[in-house]
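Contents: one structure, followed by commentary.
A quick note: this is a predicted structure, and the numbers were derived from the prediction, not measured. Note that the numbering runs from 1 along the sequence shown for the chain.
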Amino acid sequence: MFSINSNERLAPYTSFRIGGPASFLIEADSEDVLKVAVEYAHHKILPIFVLGEGSNVLISDEGFKGLVIQVNIRGVEFPEPNLLVAGAGEHWDDVVAMAVAKNLSGIENLSYIPGSVGATPVQNIGAYGTEIKEVIEWVEAFDPKTMSVRRLTNAECRFGYRNSLFKSGDGKHLIVVRVAFRLKENGAPNISYKDLALYFSGKHNPTITEVRQAVIDIRKKKLPDIKEVGTAGSFFKNPIISRDAYTALLKKYPDMPSFPTNDGKKKIPLAWILDKVCNLNGYREGNVGLYKTQPLALVNFGNGTANEIKNLAEKISNQVKEKTGIEIEWEVVAVN
């Protein structure tokens with residue numbers, strides 16, 4: 001059984017705690033309900049927006065004139081010793097905890113990231129030197145065009161930096177229902193990322209349990225608690241620029257850090273630019289602002305609106321462009 005809610009305010013469904021009403025909202029806890037929901041949208045000629053835990057979206061103050069489907073398909077299983085398969089509606093950090101408890105490594109660096117399993121391939125989530133594309137074996141997605149479930153290989157998902165097939169034109173309509181992660185038993189943890197290397201300075205061979213706890217400790221110190229503050233976490237992507245552009249910027253900002261990419265470019269920590277170049281750390285405009293210990297996180301202090309967040313994001317983008325020449329992109333998905 002399921003119900004169709006009309007004129008449902010979406011703010012409570014998002015970690016930003018912002019968003020107007022959806023014309024209709026259905027919670028789909030199975031593939032059968034998902035199919036019925038899509039059929040309902042087709043019958044009513046309604047656009048569809050798929051919502052997980054709402055931790056990476058900014059929904060407009062006007063809401064969404066269509067059908068919002070909240071995917072809540074659950075279940076976790078281990079069909080093979082090192083293969084973890086989870087439903088799209090599972091809470092991501094719970095799945096990480098299960099893997100670590102079984103001594104399966106590969107996702108411990110992605111601990112404490114809010115959101116559901118279904119969002120992980122869409123965003124190709126990453127943190128502390130790890131991206132989810134490194135461990136995804138396959139993704140099962142419901143195709144509203146064929147009304148059937150497809151299984152896509154890792155290569156077919158076309159993963160990029162905070163990007164995937166599921167965010168592009170020919171794959172944007174696909175609805176993730178299940179994800180399989182190929183993990184390693186007794187695998188060596190990755191502590192090469194600066195924050196983790198510093199955390200474990202002087203300690204050799206930490207366990208994946210210790211790495212998970214380290215990531216949680218670091219994130220808690222840097223990022224706002226979504227239970228207390230409205231936020232979608234990192235609002236912008238870290239920019240990737242050419243080596244020549246980076247060399248030119250070093251003349252103006254000699255301390256600017258960078259990380260090499262596989263194609264010879266440079267990834268710049270945007271938080272450093274916002275703090276050291278734009279002096280925006282902790283900046284606030286009315287009900288919204290930048291978090292005091294992580295300027296990449298835009299926050300709603302209680303009564304913020306989507307328009308206030310958008311105006312602040314535009315102001316930040318303009319300052320970064322003016323001072324560095326870099327055009328930054330949203331990581332958060334805008335829903336209108």
Side-chain angles (χ1 to χ4, degrees), residues 4-27 46-71 113-116 119 122-123 125 162 167 172 219 222-239 270-271 273-275 278-322 327-336:
I4 301 174
N5 299 330
S6 59
N7 204 35
E8 184 84 1
R9 185 168 168 264
L10 294 172
Y13 292 88
T14 76
S15 60
F16 246 140
R17 298 173 196 157
I18 289 173
S23 301
F24 302 97
L25 184 144
I26 293 176
E27 179 186 342
L46 296 169
I48 293 172
F49 176 70
V50 178
L51 184 68
E53 294 185 14
S55 61
N56 197 53
V57 296
L58 178 64
I59 296 175
S60 76
D61 301 316
E62 292 73 33
F64 182 72
K65 290 179 172 56
L67 174 65
V68 172
I69 302 176
Q70 186 174 42
V71 178
I113 293 177
S116 61
V122 177
Q123 280 293 106
I125 63 169
R162 301 297 176 271
K167 294 180 77 173
K172 200 172 182 179
R219 290 184 70 88
K222 282 190 174 184
L223 294 165
D225 184 346
I226 61 173
K227 295 176 183 177
E228 299 177 2
V229 181
T231 184
S234 296
F235 193 89
F236 298 101
K237 298 178 183 180
N238 287 314
L270 183 58
I273 295 176
L274 299 180
D275 182 13
C278 300
N279 298 312
L280 288 172
N281 208 26
Y283 177 77
R284 178 170 180 170
E285 280 191 357
N287 297 310
V288 301
L290 287 74
Y291 194 61
K292 57 188 177 182
T293 56
Q294 175 50 278
L296 264 184
L298 273 59
V299 295
N300 166 22
F301 292 107
N303 296 301
T305 65
N307 282 336
E308 286 180 293
I309 291 289
K310 288 176 183 177
N311 290 339
L312 178 60
E314 184 177 358
K315 182 172 185 175
I316 293 167
S317 298
N318 290 339
Q319 284 202 32
V320 172
K321 174 70 173 176
E322 177 185 342
E327 293 188 5
I328 57 177
E329 298 178 57
W330 287 26
E331 181 174 330
V332 168
V333 177
V335 182
N336 300 305

Name each donor-acceptor pair under 3.5 Å that joins a side chain in residues 224-231 to protein atoms two or more places apart or in another chain, with its distance.
unit_1, atom_1, unit_2, atom_2, d
D225, OD1, K227, N, 2.9
T231, OG1, G233, N, 3.1
T231, OG1, L298, O, 2.8

Side chain to side chain donor-acceptor pair (under 3.5 Å) partners of Q319, counting only residues at least two apart: none
- prompt: Under the salt bridge (Lys or Arg N to Asp or Glu O under 4.0 Å) test, which residues partner E285, sequence neighbours left out?
  reply: K315
Residues which pass side chain to side chain donor-acceptor pair (under 3.5 Å) with N311, listed by chain and number, not counting sequence neighbours: none
message: Test of understanding: with salt bridge (Lys or Arg N to Asp or Glu O under 4.0 Å), list the residues that count as partners of K237, not counting sequence neighbours.
response: E329
query: Excluding sequence neighbours, so at least two apart, what forms salt bridge (Lys or Arg N to Asp or Glu O under 4.0 Å) with K321?
result: E327
- line: Residues at least two apart in sequence or cross-chain that pass salt bridge (Lys or Arg N to Asp or Glu O under 4.0 Å) with K167, listed by chain then number, are none
- request: Apply side chain to side chain contact (heavy atoms under 4.5 Å, CB included) to N336 and list each qualifying residue two or more places apart in sequence or on a separate chain.
  value: S60, K310
Qualifying residues under side chain to side chain donor-acceptor pair (under 3.5 Å), relative to E331, sequence neighbours excluded: none
field: Pairs touching residues 6-26 that satisfy salt bridge (charged side-chain N to carboxylate O under 4.0 Å, His left out), sequence neighbours left out
entry: none
field: Those residues that, when tested against K172, pass side chain to side chain donor-acceptor pair (under 3.5 Å) (two or more places apart)
entry: none
- request: With sequence neighbours excluded, tell me which residues meet side chain to side chain contact (heavy atoms under 4.5 Å, CB included) with V288.
  value: E308, I309, L312
